[in-house]
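I have placed the structure first, in the form of structure tokens, so that the comments after it can refer back to it.
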Amino acid sequence: MTDRPALDAVLLDAGGTLVRLDFEWMSAMLAGHGVSIGPEAIRRAEVAGRRAYDASRGTPVASGVAAPPLGTAGDTDAYFRGMLVAAGIPAALVPLALERFRARHAEVGLWVHPMEGARAALDGLAALGLALAVVSNSDGRAERHLVDCGVREGLEFVLDSHHAGIEKPDPEIFHAGVRRLGTRPERVLFVGDIRCVDEAGARAAGTQFVLIDPYGDYAAPGTPAIAAIAGLPEWTASHFEVPGRRAASPPSR
């Protein structure tokens, strides 16, 4: 017997979870403007961007309340500005950097690298017998980026807010994913990287939740967190009863 809750499926965020920012391009772009800062330093500063985005978000959308227009869940400029300031970029360069970020995102995107360990994590979760899918606040290109990064295979579907007409943290986009998986919210784990949309929305929807918190300084007290998606299969297997384990268990007498 176990007191771990039963799990049927995992819903994952896309940007910041399965695919990551192009820190290498950011570093090269800033070098072209006379600022020498490595990709890893920008990556470390990204957590400050998350906090700035959370601060810009305000009160999460409650169930039954009309959602704001798409793309207004938080201030993306605040996210990138917070990251740049934390990275030590001169204040005079920040507006230009934001302009370059916007242009790059409009052209090819910014979340265009596979997150380290993501492919192995998806395969590990599938080996546990879990159904997998994505729920992403995106501009219609989430699935394309996942394909390009080699992390689309094994996902039952990609629910992109641009096509769904609703976005996180509204619980309905989570419920839409749960319905497509054919299960109940409490039997689904949501994995994301932004507290104000991923955690707030998952909790409002009644799903399980775990936060990607790479440096251990972003999660709120009591929020389940892992340092990297590579550790997700092991963490999941240790916290939930998964289909593979249930199938392998001997029948009760």
Within the 4.5 Å heavy-atom criterion, are [X] and [Y] side-chain neighbours or not?
X      : Y      : answer
Asp198 : Lys168 : yes
Leu189 : Thr207 : no
Phe101 : Trp25  : yes
Arg119 : Glu153 : yes
Arg102 : Asp77  : yes
Phe190 : Leu12  : no
Val19  : Val112 : no
Val35  : Pro90  : yes

Determine yes or no for a side-chain-to-main-chain donor-acceptor pair under 3.5 angstrom, with [X] supplying the side chain and [Y] the backbone.
X      : Y      : result
Asp213 : Ile226 : no
Ser161 : Glu167 : no
Gln208 : Arg187 : no
Thr236 : Leu232 : yes

Can you give me the closest heavy-atom contact between Ala97 and Leu30, atom names plus distance?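 For Ala97 and Leu30, the tightest heavy-atom pair comes out as CB-CD2, 4.3 Å.
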
So, for Pro185 and Val178, which heavy atoms are closest and what is the spacing to 0.1 Å? N-CG1, 3.6 Å

Side-chain heavy atoms under 4.5 angstrom apart, residues restricted to Ile, Leu, Val, Met, Phe, Trp, Tyr: same cluster for Leu110 and Val108?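 Each belongs to a different hydrophobic cluster.
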
Would Ile37 and Met83 show up in the same hydrophobic cluster when neighbours are defined by side-chain heavy atoms closer than 4.5 Å?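 Same hydrophobic cluster.
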
Are [X] and [Y] close enough for a salt bridge, meaning some N to O gap below 4.0 Å?
X      : Y      : result
Glu116 : Arg43  : yes
Asp8   : Arg184 : no
Arg141 : Asp160 : no
Arg20  : Glu24  : yes
Arg50  : Glu46  : yes
Arg180 : Glu156 : no

Start with the C-alpha gap between Asp217 and Arg51, add the side-chain angles, then the distance that decides, and say whether side-chain contact (heavy atoms from CB on, under 4.5 Å) holds. CA-CA 11 Å; Asp217 58 358; Arg51 295 192 189 97; 3.6 Å; yes

Do Arg44 and Tyr215 meet the cation-pi criteria used here (NZ or CZ under 6.0 Å from the six-membered ring centre, within 45° of the axis)?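 Checked: cation-pi criterion met.
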
Hydrogens and angles aside, do Tyr218 and Asp54 bring a side-chain donor and acceptor to less than 3.5 Å of each other? yes

Using distance alone, with no hydrogens and no angle criterion, decide if Asp22 and His113 have a side-chain donor and acceptor under 3.5 Å apart.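 Side chains of Asp22 and His113: pair found under 3.5 Å.
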
Salt bridge (charged side-chain N to carboxylate O under 4.0 Å, His left out) for Glu172 and Arg179? Distances and angles first, verdict last. CA-CA 10 Å; Glu172 182 51 34; Arg179 286 193 296 270; 2.4 Å; yes

When Leu146, Thr17, Val134 are each screened for side chain to side chain contact (heavy atoms under 4.5 Å, CB included) with Val151, the one that passes is Leu146

Nearest-0.5 Å distance that lies between atom OG in Ser56 and atom CZ in Arg81: 10.0 Å

To the nearest 0.5 angstrom, please state how far the CD1 atom of Ile166 sits from the CZ atom of Phe174. 10.0 Å

Salt bridge (charged side-chain N to carboxylate O under 4.0 Å, His left out) for Arg203 and Glu199? Distances and angles first, verdict last. CA-CA 6 Å; Arg203 292 191 184 282; Glu199 181 175 9; 2.9 Å; yes

